[in-house]
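Inspection log for the structure reproduced underneath, given as structure tokens.
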Amino acid sequence: MKIAIANDHAAVALKNEIKQMLEEQGMEVINFGTDTNDSCDYPDFGSKCARAVANHEADYGIVICGTGIGISIACNKIKGIRCALCKDVTDARLTREHNDANILSMGARTTGPETAKDIVNTFLNTPFSEGANHKRRIAKIKDLES
Ligand code: RB5
């Protein structure tokens with residue numbers, strides 16, 4: 001599985017922990033940065049991850065900023081992206097099952113590293129339910145893009 005990852009200055013350490021975990025699991029991680037603690041703007045990095053997922057260069061994306069809010073808003077501006085901010089494993093499971101989310105967003109200042117790793121594993125290992133009701137709603141979200 002190929003995972004695109006991006007973050008702002010608030011989330012370099014957590015990004016590195018998650019990247020290492022995924023690589024130890026044999027996944028390919030495309031890192032869009034940032035990789036320094038210098039203040040930066042999360043849309044610059046989140047959009048790179050979102051474009052990689054939208055263009056099918058990666059299977060899923062993971063984005064992290066201080067709260068996970070700003071970077072998720074930015075990712076959701078890219079056509080084809082369904083980016084979900086998850087604070088626990090239930091959010092992660094349900095957004096895969098119900099929304100077929102293709103990018104996971106988390107907050108490095110609001111979610112601890114162990115919880116974040118559990119969220120990532122749940123997100124990446126939960127399939128979309130394929131339910132007709134959920135497909136219909138996702139189609140309506142897609143209609144909003146045009
Ligand atoms: C950066 O200070 C902070 O605003 C950002 O990481 C994020 O929390 C925005 O939503």
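First listed ligand is number 1; within each ligand, the first listed atom is number 1. Position 1 is the first residue of the sequence; numbering continues from there. All values below come from the heavy atoms of this structure, side chains included, with hydrogens, waters and symmetry mates left out. Fair warning: this is a prediction, and the values are worked out from it, not measured in the lab.
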How are the rings of H98 and H134 set to each other: parallel, tilted or perpendicular (split at 30° and 60°)?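 Answer is parallel, since the angle falls under 30°.
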
What I want to find out is whether D35 reaches K15 closely enough, with some N-O distance under 4.0 Å, to be called a salt bridge.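 Counted as a salt bridge, because a side-chain N and a carboxylate O are separated by less than 4.0 Å.
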
Ligand 1: protein residues within heavy-atom distance under 4.0 Å: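 For ligand 1, the residues that come within the 4.0 Å heavy-atom cutoff are D8, H9, A10, Y42, C65, G66, T67, G70, R109.
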
Side-chain donor-acceptor pairs of residues 36-43 under 3.5 Å, sequence neighbours excluded:
unit_1 : atom_1 : unit_2 : atom_2 : d
T36    : OG1    : D38    : N      : 3.2

Enumerate the residue pairs fulfilling side-chain hydrogen bond (donor to acceptor under 3.5 Å, both in side chains) with a member in residues 64-89, sequence neighbours excluded, ordered by first and then second residue.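 Passing the test, one end in residues 64-89: no pairs.
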
Can you give me every donor-acceptor pair (side chain of residues 103-114, partner residue at least two apart or in another chain, under 3.5 Å) with its distance?
unit_1 : atom_1 : unit_2 : atom_2 : d
S105   : OG     : G68    : O      : 2.7
T110   : OG1    : G107   : O      : 3.3
E114   : OE2    : K117   : NZ     : 3.4

Nearest 0.5 Å, please: how far is CG in N121 from CD1 in I18?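 Here the rounded value is 9.5 Å.
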
